[in-house]
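Comments concern the structure below.
All chains are named by letter (A, B, ...) in the order of the sequence lines, taking the proteins before the strands, and each is independently numbered beginning at 1.
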Amino acid sequence: MNDIPLTWFLIFAAACFVIGLMGVLVRRNAIAVLMAIEIMLNAANINLVAFWRYGTPVEGDSPISGVMFAIFVITVAAAEVAVGIGLILLCYRRWHAADVDRFDSLSG
Amino acid sequence: MNQILFGVIATMGVLSALGTVLARNLVHAGLFLVAFFFLIACQFVMLEAEFLAAVQVLVYIGAVAIILMFGIMLTRNIQGDDTTTVSRAGFIAGGLAAVGLLTVLIFGITHEEGRSGRPAWNSVTTRPAIYPASARKSESQAAAINNMGLAVGEDLLTRYIVAFEAAGILLTAALVGAIALAIQEGPVSDDPSDRVKSKQNAESLAADEAESLLTSSRA
Amino acid sequence: MNVACDWAFPLVWAQQSELDSIPWLKWIIVLAVVFFGIFPGIVAYTVWGERKVAARFQDRIGPNRVGPLGLLQPIADAIKLITKEDLVPRSADRWVHLIAPVLILVSAFLVLPVIPFGVGLAAVNPPSGLIYLIAVSSLSALGIFLAGWSSRNKYSLLGAMRAVAQLVSYEVPQVLSIVPIILWAGSLSMVTIFDKQVLYGWFLFSPPGMLAFVTLTIANIAEVNRTPFDLPEAESEIIAGYHTEYSGMRFGLFFLAEYLSVFAVSCLGTAIFLGGGTLPWPLTGEPVVTLGGGETLFAMLLLNLPLIGIFMAKVSLYIFLMFWIRATLPRLRVDQLMAFAWKFMVPLCIINIFISAVWYECVIRPSKPNYLLGWGVTLPLVVVSIIGVLALYRSSMKAEPVELTTGSRRRSVVRSVS
Amino acid sequence: MPVNAPVLFDFIHLAPEIILSLWGLFVVMIDVALLRRRSSATRGRILGVMSIIGALAALASIYLPDMMDLGHAASNVEESLFQGTILGGLLVERLTALLLILLIFVIALSTTWDLTEHWGEYYALLLWATVGMILLIASEELLTLFLTLEMMTICLYIVTAFEKDQRRSAEGGLKYFVYGSVSSALFLFGLSLLYGLTGTTRLAAIGLALAPAHTSIGLVGNVAGAMAVLLVLVGFGFKISAVPFHQWAPDAYEGAPAPVSAWLATGSKLASIVALMKVLVQALGPWAHGVNDISSPGWVGIVAVISALTMTYGNFAALAQKNLKRMLAYSSIAHAGYMLVGVLAVVVGAGKSAAGPVLFYLVVYSAANIGAFSIAAWLYRDKGTDQIEDLNGLGLKYPILGMCVLLLMLSLIGLPGLAGFWGKFFMFSEALSQGDDRHKLTFLWLVGLGLMNSVISAFYYVRVLRAMFLRPSTGRPLQAPTLTIRLAVIGSAAVALIFGLYPQPLSTETDAMAESRIFITPSRPAELLSVSPVRVVPRPNASDDTRLRAGPIGGGPSAPPEPTPVPDSRAK
């Protein structure tokens, strides 16, 4: 039975991660940036789960440490999105724009 | 066969991630993001973490995507058009940086040597079997894969109990804080006439109603 | 591959290289028959049933022209829907407009494979079945949102916003009222939950079970957008909400999805609280235990025919309950809707989880179940918590004179102060 | 499944965290339920007092394990709790106490003016951020580390934006959020690579997996490992606002209400630096450089460059600032640069307790910053601005406070006789005494740069003093400060003065804290592999104390203490 090599998953994750990073760099809209950050977090999750499935757990570790990590990452991502949307709304009320480079009262 | 399947899922995943990043219309970007989340869940199934796949769909598509959509609506951007354009130069620079980083990452992944007694990543082409009889892998991991809900529950309440409780506090804090930030008190806009004007179109009406829906849960 | 993932059938087919053509064929037939024949049929006659029941409640007769008792009415309706012109508004977002109803329908369909209609009759048995079920049913919120957004119609958008807020809010009590089941069954697998009920009796028959069943039912009604929670498609306010701009078969898809999810949530309630296809208390284990696992085809049929019959009877009753509520109760207001979810349902469900832990300690964990102690301890707890939460809820609603938008109320307060 | 008894037992060590978390919930509930009709300022005061009571209760509860005397000498043992995910022991206890004391000052400062309407949420988030910090210091494992880091920063994003009627507060919060969450995504990807390279998430086990049996060539030819290290460094770089990942810091510090800025500059930085040291030393230690060839690539070089850039850029940028909070932000960036020198010394002197000076510096730095930001709070309360020129003539009008500010600023510069001097002195002399010749060269130029930077920093700190003492007062003078501001300024000046004249108690204490095993690179795989995660490590007890008392103050730059026989005592 032909299995999938580990590196395939890793390269997929790396590609998604890089795309997310590119999104952070090129998008100006704060919500789009938030979406790009989610892509990056998901890429890291793929890495974690792939390493878990293809590796053997070290003695003294949880047998599903990669999966647990991914679950907590999902939790953190949810919290981050909620806070992010709250902050974006707050800024939107002041500037009537949701673009990161529009917020310019602080500089120096 | 499963390699082909992986190829299909991975290609679609990368394409939808690209779609998220490149789509001008924010709602379309959100849709691509949903597709991406779903394909990541498929990847989790391919990796035999079906519990995680269900959690992924539940949290990301059921909650995160919805919050993002609400965010798009509430910023009065009802049709989702991104008003800012990325300059071609910035785009090319970002793209080049991304391609460069990807090259380095792929090089690193394929040339990893596996120090200190671990196999090189490149040489790991089959995953360890999980049936205990034929397994190099410990029985606990096989059990974990076959009933991941139980294994996750046990880990959450023993080894990771502090993290679990901390995650609870984190979510509470995010909820409390996000509501406190987003709730509207007092006159909203610096320029009241601006608000009256924008009231006239239906889109901001919808946004207002959605906002009151969100905030009424607190009152 | 492993047993855990056998359920994700398309993916696992691909991974099982030893799989020959017969299971393929079997699956295709099952899919074709069940998903394109039986379930839409059930939906069609649910609609007919609703019209009849509603008519009786309103002292009318209901459909009676097409076929005996109007039995062919659904078919005529279907033909009408299919032959109607399929209009898409010019400014609508074409692709999203197309995807949205499909997404809702898929979400309703995906719930059904994990429901154990009888012994060995759950199409798939994922170890995380219950989480899977909740996950796929949460997809419908997204479909509704997209339908409303893509129509470029303010009423559609308003309806979609309302619907999403409602679905997200009521998903919380829905999940929370399932938690006692997970605790008692010690598993997320729907089949294990069924087996446990054969052993221990229906999960309904305990004070926390009853409370959870009631809260689940309320949340279910809200999840499928039916009266009194039908604000998203309130005709009198926002002219049918998110599917205003849909016509022809696309509207038909919404219709199909709505009734299919009514059927699906009824199946859910039946499977996890009402013991699936088992008989009530004294005879709970009857057909399953006496007839055994059903190895041969005949034994299988003998075992499962009554089970499916009983299951469907329970589902019909559950659906009838929804019709009854719809015919009786008026629609809620938006703020009442949200406050009810967050201030009443959620606290009650959380308290109920603790009470169900008490029940677990009294009845399920001991080797010899002590039902008397269980009832004696949990019943007062349940009653007290209902009364307490209700009192708090009422006092909070009284303390806050309600206006439609909270934001405007606060604004006016501030203005009057300043 | 049987309940794991030791896990339940371990909760006693988490008493401060539990009390703080529950107290946060309690404060929110009191605010919503009982105080709704009160005015915002009243609520702020009442809830502030309540939060301080909670923090004091948490402070008292640190000594709960000692008081209970749980069958083993609890305070004398550094142990892994919860199956090796959380560290308990002297270091964590002391740092918890420090954080809680700082938190009390921050809360007290918050009551200075009516900065928000959501007081309950505000205090709760401060308390929960502190829980994140304490757990971050205590976490011994990547999962908990990541989660608690996020817990801390997410709470801080929110409170940064809490002054809702100020544009700049929202903007600072959003910028902090965007930079912070991008950096945590990068950080997470680095952690996932690290997990793949080592197969484990426990820091000690990662160190063991990376520790070579005979030779190591650092990161040579190990692109994946280098990426992992780089991404982890990027993540921490954002959190401690090291150049080039510092862009958020000035905006967030300026935008946030002054007490929150103080908390960003002290608590968040303190916890992040300790976590950074922990990860670098305990997990990534073997990759610092090659074993045989010290100049082979490793992260020491990267951190050295970051450190140099950070202190230089921070100081030069601070020179140009007119806004007090912004200036303090850049100065805190510069201080992060100094501290990275100390962190490097810890790594190079692996096995020896070189972390003491860094901890000493952290204590002194935090205390001074609380005082400095309370001046900013005072300024903002009365004038609504943070401009340094608004301080004009203040020193003459309020001589006592003026003297205190003088002491604080001189201590931040590092003038002899004040605590800041000893902080820099211990750290730099420790750095110079570490490693062999080639490291000496690196440290020599780093320390030289640090000294030069201290001189530069004098210019902008003195600007504050010049405004206070030499300029005539312009416009409306500031009203008398509130008691809380007075207390914070005098308290932090007292810290600067007392430990400046007599640093030995503090340095002894920090050296004892530095004996923690999280500052020791695992280096002997053969012996350490047998260590199970719940094994306890004895802290140096009575017999070792003599060595500790011969602290640096007596004989100038201390001779590096003997290597602690940690592996042996563990193998026991």
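Closest approach of A:Ile85 to B:Ile67, counting heavy atoms only: CG1-CG2, 3.7 Å. A:Cys16 and A:Ile39 make their closest contact through O-CG2, 3.4 Å (heavy atoms, listed as atom of the first residue, atom of the second, distance). Contact detail for A:Arg27 and B:Val21: the closest heavy-atom pair is NH1-O, 2.7 Å. Of all heavy-atom pairs between A:Ile4 and B:Asn2, the closest is CD1-O, 4.0 Å. Residues A:Val24 and A:Met40 approach most closely at CG2-SD, 4.0 Å, considering heavy atoms.
Using a 4.5 Å cut-off between heavy atoms, B:Phe37 touches chain A through its side chain atoms alone. In this structure, chain A has a heavy atom under 4.5 Å from the side chain of B:Val59, while its backbone stays farther away. At a 4.5 Å heavy-atom cutoff, the contact between B:Leu33 and chain A is made by side-chain atoms alone. For A:Ile19, the parts sitting under 4.5 Å from any heavy atom of chain B are the backbone and the side chain alike. Only the side chain of A:Leu21 comes within less than 4.5 Å of a heavy atom in chain B; its backbone stays farther off. Interface remark: B:Ala63 contributes no atoms to any contact with chain A (heavy atom separation under 4.5 Å). For B:Leu175, no part lies near chain A; criterion is any non-hydrogen pair under 4.5 Å. Looking at A:Val76, the atoms closer than 4.5 Å to chain B (heavy atoms on both sides) sit in the backbone and in the side chain alike. Contact of A:Met68 with chain B is made through the side chain alone, with heavy-atom distances under 4.5 Å.
Across B:Thr110, B:Leu101, B:Val99, the residue that shares the most heavy-atom pairs under 4.5 angstrom with chain A is B:Leu101. For chain A, the option among B:Leu156, B:Ile40, B:Leu105 with the highest count of heavy-atom pairs below 4.5 Å is B:Ile40. Among B:Gly177, B:Ala163, B:Gly13, B:Gly30, the residue with the largest count of heavy-atom pairs under 4.5 Å with chain A is B:Ala163. Taking chain B as the reference chain and counting heavy-atom pairs below 4.5 Å, the highest number among A:Leu10, A:Asn45, A:Ile88 is found for A:Leu10. For the set A:Thr75, A:Ile46, A:Leu87, the count of heavy-atom pairs under 4.5 angstrom toward chain B peaks at A:Ile46. Note: A:Ser62 leads A:Ala50, A:Ser62, A:Gly20 in heavy-atom pairs under 4.5 Å with chain B. Taking chain A as the reference chain and counting heavy-atom pairs below 4.5 Å, the highest number among B:Ala17, B:Gly94, B:Ala178, B:Ser16 is found for B:Ala17. Among the candidates B:Leu102, B:Asn122, B:Ile106, the residue making the largest number of heavy-atom pairs closer than 4.5 Å to chain A is B:Leu102. The most heavy-atom pairs under 4.5 Å with chain B, out of A:Leu25, A:Val18, A:Val33, come from A:Val18.
Contact check for A:Phe17 versus A:Asn47: no side-chain heavy atoms found under the 4.5 Å cut-off. Side-chain contact between A:Leu89 and B:Phe70 is absent, with no heavy atoms from C-beta onward closer than 4.5 Å. For the pair A:Glu80/A:Leu41, a side-chain contact is recorded, criterion being any heavy-atom separation below 4.5 Å from C-beta on. Inter-residue side-chain proximity for B:Tyr60 and A:Glu38 is flagged as met; some heavy-atom pair is nearer than 4.5 Å. Counting heavy atoms from C-beta outward, B:Phe6 and A:Phe12 have side chains that approach closer than 4.5 Å.
Aromatic ring centres of A:Phe9 and A:Phe51: separated by at least 6.0 Å.
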